[in-house]
Amino acid sequence: MYDLSVITTWIHDLLSSFMPQWLTVTTECVLIGVGLLLVYAVLALFYIYFERKVCAAFQCRLGPNRVGPFGVLQSVADMFKILIKELITLNHTDKFLFALAPFLVIIASMLAFAVLPWGNGIQVIDFNIGIFFLIAVSSIGVLGILLAGWSSNNKFTLIGALRSGAQMVSYELSIGLSVLTMVAFAGTMSVSGLVEAQHDVWFIFSGHIPAIIAFIIYIIAGTAETNRGPFDLPEAESELTAGYHTEYSGIHFGFFYLAEYLNLFIVSGVAALLFFGGWMPLHIPGWESFNVVMDYIPSVIWFLIKAVALSFVIIWFKWTFPRLRIDQLLSLEWKYLLPINLCNLVLMVLIIVKGWHF
Amino acid sequence: MEVTTKGMPYEAFKDNEYIEKLADELRANGTNVVVGSLDKLINWGRSNSIWPLTFATSCCGIEFIALGAARYDMARFGWEVARASPRQADFIMVAGTIVHRMAPVVRRLYDQLAEPKYVIATGGCAVSGGPFKNSYHVLKGVGEIIPVDVYVPGCPPRPEAMIYGIMQLSRKMRVERFFGGVNRQENREEFLRNHPIDNTEE
Amino acid sequence: MANIQETIAKQFAEAAFTEGDQLLVNIPDAKWHDLARFLKETPELSFDYLVAIVGMDWTDEFGCIYYLTSTKYNTHISVRVATADRENPMLHSVTDLWAVAGIYEREVYDFFGIVFIGNPDMRRLFLRNDWVGFPFRKDYDTDPEVNPVRLDHEAVEDTTVTYVEDETGKVVKKDVTIFEPDDFVVNIGPQHPATHGVLRLRTAVDGETIKKIDLYLGYIHRGIEKLCEGLGYPQTLHFTDRLDYLSAMNNRHCLCLCIEKALGLEVPRRAQVIRVMMDELMRISSHLLFIGTFCMDLGATTMLFYALRERETILDILEKTCGARMTFNYNCIGGVIADLDENFVADVKKFIEIMPKAIKEYNKIFTGNVIAHNRMDGVGVLSKEDAVSYGVTGPSGRASGWACDTRKTNPYGIYSELEFDEIVRTEGDSMARYKVRIAEIEQSVRILEQLVDNIPDGEICAKVPKIVKLPEGHWFQQVETARGAFGVFIESKGGTSPTRMKFNSPGFCLAGAIDHLTRGAKIADLITIGGSLDYVVPDIDR
């Protein structure tokens with residue numbers, strides 16, 4: 001597997017050859033920041049286009065095809081439009097919190113980007129508690145949503161925010177527990193450690209039954225975390241017009257819109273990391289030549305393909321299922337997912353102790 | 001300058017003189033190169049991303065649903081992102097009769113739209129009152145209370161007519177100057193001055 | 001009929017009887033409430049379904065004509081109550097007997113200014129609170145200066161008034177509270193994605209649970225009934241297409257039937273068959289749109305596109321013959337306006353083939369879904385008694401176990417010769433309402449199958465005089481639209497235009513039942529219930 005850290009090391013060496021160390025670090029931080037922002041924007045635009053095309057395919061339609069070849073520039077045009085839309089300031093609202101909320105949401109998803117295993121050697125920061133950090137920062141987003149709903153001084157947004165709060169707090173548990181199951185299996189919390197541990201077989205295969213259960217629960221809870229259908233209650237269009245972001249216009253709304261898609265990427269990225277080996281190519285023990293061929297595909301591509309494929313599944317949910325009701329949503333979590341998850345954790349521990357895994 | 005939108009040749013549009021007139025106004029005083037190209041870029045984005053507000057009062061609304069469905073598929077042009085909140089929409093498609101009781105609501109929806117905002121009056125009722133013109137409770141066209149950019153006649157107009165209407169709106173957007181306000185707002189400001197809301201507080 | 005007359009005459013000496021298309025009882029207002037109770041509660045009469053209240057201005061006096069039906073014996077009766085007081089017209093309310101009367105009486109109050117003593121809510125229904133005058137009175141001032149377009153918002157009221165009689169028989173005005181000051185009132189509509197048009201529901205919620213709903217109508221009230229009064233009979237036809245535009249054919253069929261009944265016109269067989277086929281195609285297309293929008297309300301957007309795909313094929317068939325996609329203007333007095341398209345039979349046959357497959361597909365995607373079941377089972381249960389009392393007809397009424405299909409109870413056209421089942425379920429919840437409609441599509445397809453090869457040759461329209469003049473009198477006709485029993489009332493003084501025309505729309509009763517159905521439900525259930533009732537707002541507001 002080609003280690004992309006060669007490039008980063010080369011850049012570091014180049015910069016430090018003519019710069020003092022503090023300047024090198026600062027420049028690198030700026031470079032990483034710009035790079036992240038770029039990836040962030042491009043991914044968001046791609047996801048919006050992707051979802052619109054996929055949804056069109058499910059609905060026997062064509063989807064965007066007029067702006068640019070196959071309509072690929074559609075989301076770029078949308079971005080230009082959203083950038084120049086008026087930002088409406090409201091009377092009788094807390095203006096500071098109102099303006100802060102979209103940034104909180106976007107910062108939360110951006111921080112999560114920092115620890116995603118993009119490829120072999122390109123990870124912004126590699127904590128020893130990387131996955132823990134990921135879960136922690138992804139919870140900041142709910143704060144932004146709550147603030148958005150409350151500070152808009154609108155009854156629809158308030159109901160949307162409360163729904164979102166209840167939903168996020170509940171489903172964080174499921175996410176946390178299924179992550180914990182896999183962490184117990186891998187024996188490490190470090191993101192790179194998790195990826196390395198799947199060098200031979202991906203966890204979804206080696207962990208067999210408990211890993212598959214954990215994966216299913218994770219993908220359900222992850223869909224709920226991103227506020228997507230069938231769990232899109234906080235912004236249920238037919239119930240609450242646009243939910244918590246009803247009063248936001250222009251780029252403030254754009255932030256919520258982007259964050260929704262980026263969270264989708266993060267959730268599927270983490271699923272790829274935990275169950276499908278992150279950037280690790282598909283290796284089958286014993287098939288040496290196959291493994292070598294697989295290694296030729298760059299690690300970044302592996303990661304992106306896995307994430308997008310999982311996102312496709314989540315998009316598929318949205319365009320197939322009807323929406324749940326708030327009490328059904330909560331009872332699904334507390335009465336079904338959580339107990340199953342706890343049992344699954346015990347099962348996983350049992351399997352690890354007994355060594356019944358591959 | 002041929003102002004057109006993707007998917008329909010210039011000659012196929014019926015009112016090219018009107019658009020030419022607007023284009024001439026746009027070019028009248030010349031333009032700074034930087035601002036001009038920036039304008040072009042912005043107008044390209046704006047005219048290709050027109051999000052409607054989901055707003056329908058009667059039959060025309062059903063045709064608007066049909067416009068989104070598989071046969072007519074407005075998603076091809078990028079118009080399918082129908083926003084339920086007026087803050088996030090670009091234009092309001094007044095689909096259906098507007099009556100006295102609805103008038104302040106429509107006006108409020110219009111005021112809630114974020115700039116730049118546009119109005120398409122769809123169907124006979126929204127254009128002029130249609131078959132209900134003589135009623136005691138019907139407005140003789142939505143143009144009485146909000147400034148209209150494009151009129152689409154019909155009862156109800158076919159989805160093709162609606163597509164044509166939105167394309168015309170898209171063309172109108174292209175001959176505007178975003179920086180400097182040519183071809184936009186001047187009529188509207190006057191209109192809104194002449195139709196004040198008596199009492200904004202509830 | 002004579003039997004009913006005798007029973008009433010025995011009890012009420014004041015009652016005078018007139019024979020018409022239905023038995024008409026004249027009763028003074030003082031005795032009206034007693035008669036109403038007698039009609040409803042006497043076991044051998046049991047007129048438990050109030051079909052319509054038609055407000056009237058006979059220039060010398062105001063009054064109402066009540067149309068009643070017994071669901072037990074399938075008998076009909078109408079009652080005429082009038083008051084000569086033009087300054088302060090007052091009648092007694094029957095809200096305590098028939099729940100639907102509450103909203104009907106508010107409508108009459110709004111149009112004629114007749115106050116109903118005992119109705120708990122005497123506010124305007126369709127028009128603004130600051131509207132001057134009562135538009136359906138013959139002496140209404142139509143000057144636009146009196147009622148200009150107002151751009152200010154109406155004041156929001158949390159109280160209403162009611163008029164009650166005290167012990168001495170004097171009528172006093174009383175305030176009634178709708179919402180307490182500390183209720184959390186969410187304003188849903190008039191511009192809201194899930195209200196299917198411009199309906200406004202002020203909803204008091206406790207968390208996510210609905211405590212009470214206050215209904216506001218009139219955001220698309222076009223005054224069609226008043227407009228009809230100035231037009232000739234053929235001219236009034238086109239309004240029916242724009243009432244409930246999803247059952248345009250059925251509505252127009254009803255008005256044509258009513259005028260033909262008044263004229264004593266015989267419609268050619270070919271026209272009758274065509275009318276029934278068009279009605280059933282219309283019903284299928286309406287139910288398809290129901291499936292689509294209902295599923296979209298529940299969040300399953302994709303179903304909308306599947307349902308609309310099949311709907312487009314129906315619209316193609318209709319368009320080839322009528323030349324329009326929605327407002328067809330096809331039925332006319334005496335028959336239909338144009339002959340069938342040459343491909344009609346082939347197209348319908350093709351459609352009959354694809355529809356059952358499509359229904360299978362819908363069931364696969366949506367009906368069997370666990371989430372769909374959770375959202376719909378047991379939500380918004382309407383008992384049979386309530387359905388009758390609220391006048392909830394059509395598929396919604398039949399889902400509650402009330403066999404109210406006008407095609408079966410009072411067949412019109414050639415329905416009596418056709419074989420089809422009336423779909424009746426007993427659960428009365430949203431799922432039942434949804435399933436009734438799916439099954440009705442199958443039955444409509446069955447009707448089409450029987451007719452498609454048996455369209456007789458012949459005239460498409462009877463000989464109708466150039467100027468249609470109706471004799472003096474009044475007539476009432478009902479048909480079954482996709483939403484329920486649609487009624488047309490015409491009163492004529494012998495001229496070329498009606499003196500009063502009333503469209504009794506099924507959606508109006510459905511909207512009246514929302515508050516009752518949603519008490520204690522969740523906000524999301526409100527969307528489910530509203531969607532499953534499948535009202536069309538221009539049909540409610542007229």
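Per chain, numbering begins at 1; letters A, B, ... match sequence-line order.
- Residue-environment remark: NZ (K360(C)) stays at or below the threshold of 12 foreign heavy atoms within 6.0 Å.
- Listed in order of number, the residues of residues 55-67 of chain A that approach chain C to under 4.5 Å between heavy atoms are F58(A), Q59(A), C60(A), R61(A).
- For the salt bridge (Lys or Arg N to Asp or Glu O under 4.0 Å) test, no residue two or more places apart in sequence or in another chain qualifies with D541(C).
- The shortest side-chain heavy-atom distance between F321(A) and V370(C) does not fall under the 4.5 Å cut-off.
- Counting non-hydrogen atoms of other residues, nucleotides and ligands closer than 6.0 Å to CH2 of W334(A) gives a total above 12.
- R325(A) pairs in a side-chain contact (heavy atoms from CB on, under 4.5 Å) with only one of the listed residues (T528(C), L298(C), V379(C)), which is V379(C).
- Heavy atoms closer than 4.5 Å to chain A are found in both the backbone and the side chain of N374(C).
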Original post:
So I159(A) and I523(C), side chain to side chain contact (heavy atoms under 4.5 Å, CB included) or not? Walk me through it.
Top reply: CA-CA 10 Å; I159(A) 296 174; I523(C) 295 177; 3.8 Å; yes

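- In terms of modelled atom types and a separation under 3.5 Å, the side chain of T302(C) and the main chain of T320(A) share no donor-acceptor contact.
- More than 12 heavy atoms of other residues, nucleotides or ligands lie within 6.0 Å of CH2 in W319(A), so this atom counts as buried by the packing criterion.
- For residues 252-262 of chain A, the pairs satisfying side chain to side chain donor-acceptor pair (under 3.5 Å) are E51(A)-Y261(A), R228(A)-E260(A), with sequence neighbours left out.
- The neighbour count for F70(A) CZ, taken as heavy atoms of other residues, nucleotides or ligands under 6.0 Å away, does not exceed 12.
- Within 6.0 Å of atom CZ in F312(A), more than 12 heavy atoms from other residues, nucleotides or ligands are found, so the atom counts as buried in its surroundings.
- At least one donor-acceptor pair under 3.5 Å links the side chain of K155(A) to the backbone N or O of V185(C).
- When the shell of 6.0 Å around CG of L342(A) is examined, it contains more than 12 heavy atoms from other residues, nucleotides or ligands.
- Between K522(C) and I326(A), the closest heavy-atom pair is CD-CG2, 4.4 Å.
- Remark: Y171(A) pairs with F231(A) by the ring-ring contact (aromatic ring centres under 6.0 Å, His included) rule, at least two apart or across chains.
- The CG atom of N154(A) sits 10.5 Å away from the CG atom of N187(C) when rounded to the nearest 0.5 Å.
- Between R163(A) and E208(C) a salt bridge is recorded (basic side-chain N to carboxylate O distance below 4.0 Å).
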